[in-house]
Every structure is written in C-alpha cells, then in structure tokens.
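Not measured: the values here are computed from a predicted model.
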There are 2 protein chains.
Amino acid sequence: MRQGSLQVLLWQRALAPHSGRWSLPGGRLCADEDVEASIRRQLAEKVDVRQLAHVEQLAVFSAPDRVPGERVVATAFLGLVPCDNDPELPNDTSWYPVEALPDTAFDHEAIVLRARNRLRAKLSYTNLGFALAAPEFTVSALRELYSAALGYRVSATNLQRVLSRRGLLEPTGHTAPPGPSGGRPAALFRFTAGGILVTDPFAVLRPPGSARA
Amino acid sequence: MRQGSLQVLLWQRALAPHSGRWSLPGGRLCADEDVEASIRRQLAEKVDVRQLAHVEQLAVFSAPDRVPGERVVATAFLGLVPCDNDPELPNDTSWYPVEALPDTAFDHEAIVLRARNRLRAKLSYTNLGFALAAPEFTVSALRELYSAALGYRVSATNLQRVLSRRGLLEPTGHTAPPGPSGGRPAALFRFTAGGILVTDPFAVLRPPGSARA
DNA sequence: CCACGTTTTCGATTCTAAGGCGAAAACCTC
DNA sequence: GAGGTTTTCGCCTTAGAATCGAAAACGTGG
C-alpha cells in the first residue's frame, strides 16, 4: 500500500531479453536453498526489503515460450510489505500501482494479476491485512487499506466489528491525534499475534453442532 | 472416492532411490510442455486416467534434500477422478485411502496431506464436489461423498439447500431406483455447467448493497 | 466560551443464509 | 394393507453481516 493504492515493486531489466521492460524481482534457484529461501535472498540482494510481513507461494509459471531463448520455469510468490516500511530503492527499482502497470517483461503482468486476486480473496477470510498495515493503526486507516486492496469501499463500522468478533483485532489503548479539521481522536488498534489465521476455511457445511467458538 | 473413502492413486517405485515405496505419479518436465501438460502426459502414460474432472496446481516442493542424490524440484498437482470412472490399473499401481497411506517415497506423504487439505477447503466454497461425483447423483450419494472427503458428517438436508441456493445444483427430472429395503426413490441431480465457480471468495466485507445475485 | 462542523465510536435493528427438526411423501416387504 | 425405510420438503431457530442513527470527542470561528 503506497499513496492510497495497491502497488507492486518492479525493477527495470538491464539485459536482454526484454531489456528496458519492468519485471518482478527474482532470480535463479541455488543448490542449497528451497524456492522460498531463494526469493528472500533475491529480494535482500537487490532491494532493501528484508522484512516481508508475509510470503506465500502463488503458482508455477511454466509455458515453454515464456522466456525467449531459454527454458525458464518460475515459481511466483506473493510477498507483502507493511505500509510503514519504506525501503530504500535503487534507481532501477520502483513501486507501480497494480492497476496501472508499465510495460512488463515476460508473463509478469499475468503473475501480478494473479497475486492481486489471491490477495483480495484472502483479505476477506484471513487476517492477511495485518501484513499490509502498520503495527498500530486506526480503523479509518484500515478501512482505506482494505478499500484500496479490494477495489471497493468497505464500511468502517462493519470492518471493525467483523474483525473484532473474530478476535483478530485488539485495542492498544492509545489514540491517534485528530486531523487538522478536528473530529474525535481515533483509537489505535493492532492485530492479535499468531501469524496468519484462516478464519474458517470450511465456512459452510460445518460439522453438526459446531457453533463456532 | 473409492469404497466410501477418499483415496489417492499411488504407484510402487521399481528403481532406486526409495525402491519399493509408494509414490505419486509424475515425472520429468519435457521441453515442449508446461507443468500441467506434463502431469497429464505422465498420468496418461502410466495409468488410464485420461479424464481428470479437475486439475489444479497445489504447490512447489523444493527442499534441497527432498530427493537423495539429485536436485529435484516438484510442482505438485491436485487432480480429481470422478467416482464413476474406474480406470484399469497396472500391477504396480493402486488406490490407497488418504487416511491410511503405505510407506511413501520422498516427501509424498506431505504432498498428499496438503492436497487433502486443499480439497477440504475448496469443497465448502466452490462446486469442486462435481469433480468427484458422477454426472448424475442423488443427494444421499453426494452427502456420503462430502462426508468422506471432509471427514465429518454433513446433513443431507442442508447440503442440498446450500448448493441449490447457490445455483450449483439442478434436478435432472429422473429418479434413482430405491434400495433393496425400499424407501422413497431419490431424485437425481447434476451440477450446473460452467466449470469451477467460486461461490464468494470475498464472502465477507462485500461491496455495500450487494445482496449477492 | 459557546454554537457548529467533523470524525470516530457504539448500540439497536434489519437482513441473509446456514443449522436443525419433524412431518409428509414414496417406495419396499411381509 | 400394515409396518419399516429412505427421501423430500416446509417451518423454525440461530449466527453473523449490513445498515442506520445517535452519541462521543475533538477542532474552529464568531
């Protein structure tokens, strides 16, 4: 989340093929690492994004002609950077809004769209939002974050109650200063610890008599 | 679904490493195919499972030591065989209940468990069940299928209503003959066409005033 | 310092959809 | 035709999300 919109970190290719186009960070898998270790290493090498709040496998992209001249199979990952973490970026690296991508290399546009869809889906049934938010946040800020990521406006009232009911949200006791035009100071919240929690993947067709603790 | 339980197709390895153990069907990726084409080819070569009702990527397994002596990165797939399709099996191939796997090779047990979890999750919020069911089925048969796959008993009444409400189920007009002990003849249903439909991945936090068409 | 606009928060109500129960329907066998 | 079996359907309950509006807590400007 950057400047009110969902953005993706791209870097401009210097070498052929597709030199000059923008691509997702990545690189080759080494002998002593699995794919997740590899993508974390690639990110740490090229940009200062060592604290990814969340990393998960997205999909394998393996069309034989996806990279001209060479057979390359890519395992795509979805990684989330908290909005309060603004890493130093090299010149050839930049954030781009997911809805307005530049000229991308290979099949990376398709990968980005897939990642966006995965994020949208998971936002609603997990607490994945915590990976995008700052450690402490107001409900309004969280609402803007969800709205931008989901692509439609969500109700702040409902967002707070849904997340609270699920036990994902807890008040910190602090309050944020009101804006320049006044207004009641907003209470600050944080997500409860415990990593990604799937709210209820089997939401429907539950076992009988399981009134959901 | 075989004999009332969720089963997985395994074949017994003839060569080292792990000779004699049971493994998931698979093989090497060729130059002119993507991973999905590859897994379909592997299945068609080794067993008569050409009509998979559903195939989807599961995850990449890439621990450096997952296969001794050689670096092998595997893209695991989840494929579903309808319960009315009983393919001819070679001698070294067999169905095994997911809950009672034999001695498996490599990390294949973990892969199977991951696949089972994915199936369970998707059964509740997609119409993926159609890929396990016969073209026409009774609600009772569908209930048994869901119960076995999910691992707990579901109510036939509720199952029918939930699926119908979502527009995933439609009556064929035919009826199945009653069992040997009598009983009202069951109506036959089919899943509505249209491939896999995600019921509502954004189930919560919907756009305002969207009462779900 | 007091009325007014602003923003957040909280409670009450409505609405949707799943869960549960029992009666009725449609078949068998004896 | 009586009794047992299985399926089907309607009604009711319950949970949780959506909506609405009032109250709280702050600024600003007269």
Side-chain angles (χ1 to χ4, degrees), chain A residues 123-125 136-147 150 152-189 199-213, chain B residues 123-127 136-147 150 152-189 199-213:
Chain A
L123 271 183
S124 80
Y125 67 94
E136 290 195 356
F137 48 84
T138 66
V139 173
S140 296
L142 196 65
R143 189 193 72 81
E144 291 172 14
L145 191 156
Y146 271 76
S147 294
L150 290 174
Y152 52 77
R153 299 181 67 78
V154 303
S155 147
T157 297
N158 210 30
L159 180 64
Q160 166 167 8
R161 217 171 2 135
V162 167
L163 294 181
S164 295
R165 170 183 294 271
R166 295 180 184 170
L168 303 181
L169 213 58
E170 66 184 11
T172 66
H174 312 147
T175 60
S181 61
R184 174 170 173 168
L188 286 171
F189 292 84
T199 304
D200 200 337
F202 317 48
V204 211
L205 304 174
R206 276 176 239 152
S210 70
R212 196 182 294 199
Chain B
L123 272 184
S124 80
Y125 65 94
T126 68
N127 62 352
E136 291 195 355
F137 49 84
T138 67
V139 172
S140 297
L142 196 65
R143 189 194 72 81
E144 291 173 13
L145 190 155
Y146 272 77
S147 293
L150 290 174
Y152 51 76
R153 299 182 66 80
V154 303
S155 146
T157 298
N158 211 30
L159 180 64
Q160 166 167 7
R161 227 186 356 190
V162 167
L163 294 180
S164 296
R165 171 185 293 269
R166 294 180 182 169
L168 303 181
L169 213 57
E170 65 184 12
T172 65
H174 311 148
T175 61
S181 62
R184 176 170 170 168
L188 286 171
F189 292 83
T199 304
D200 201 335
F202 315 20
V204 211
L205 305 175
R206 279 178 234 148
S210 70
R212 196 185 293 198

Measuring from atom [atom1] of [X] to atom [atom2] of [Y], what distance do you get when rounded to the nearest 0.5 angstrom?
X	Y	atom1	atom2	answer
A:R143	A:Q160	CZ	CD	13.0 Å
A:F189	A:L142	CZ	CG	10.0 Å
B:L150	B:L145	CG	CG	9.0 Å

Nearest-neighbour nucleotide for the [X] side chain, [options] considered:
X	options	value
A:P185	D:dT8, C:dC10, D:dC26	D:dC26
B:T157	D:dA25, D:dT5, C:dG22	C:dG22
A:P178	D:dC26, D:dT8, D:dA17	D:dC26
A:A186	D:dG27, C:dT8, D:dA25	C:dT8
B:A187	D:dT8, D:dT5, C:dC10	D:dT8

Has [X] got a side-chain N or O lying under 4.0 Å from the OP1 or OP2 atom of [N]?
X	N	result
B:Q160	D:dT7	no
A:S140	C:dT8	yes
B:T138	D:dT7	no

Just the rounded figure in Å: distance from [atom2] of [N] to [atom1] of [X].
X	N	atom1	atom2	answer
B:H174	C:dA26	NE2	P	18 Å
A:L159	D:dT19	CG	P	13 Å
B:E144	D:dT7	CD	C1'	13 Å
B:L168	C:dA18	CG	P	11 Å
B:L123	C:dA18	CG	C1'	17 Å
B:Y125	C:dA18	OH	P	16 Å
B:R184	C:dC27	CZ	P	8 Å
A:L142	C:dT8	CG	C1'	14 Å

| task | Hey, which sits more toward the 5' end of DNA chain C by its nearest nucleotide, A:R161 or A:G183? | result | A:G183
| request: Report the residue (A:V139 or A:S181) whose heavy-atom-nearest nucleotide on DNA chain C is the more 5′ of the two. | output: A:S181
| task | Would you indicate whether the side-chain heavy atoms of A:L159 and A:Y146 approach each other to under 4.5 Å? | result | yes
| field | Whichever of A:R165 and A:G179 has its nearest DNA chain D nucleotide further upstream toward 5' | value | A:R165
| Just by distance, do the side chain of A:T138 and the backbone of A:A187 share a donor-acceptor pair under 3.5 Å? | no
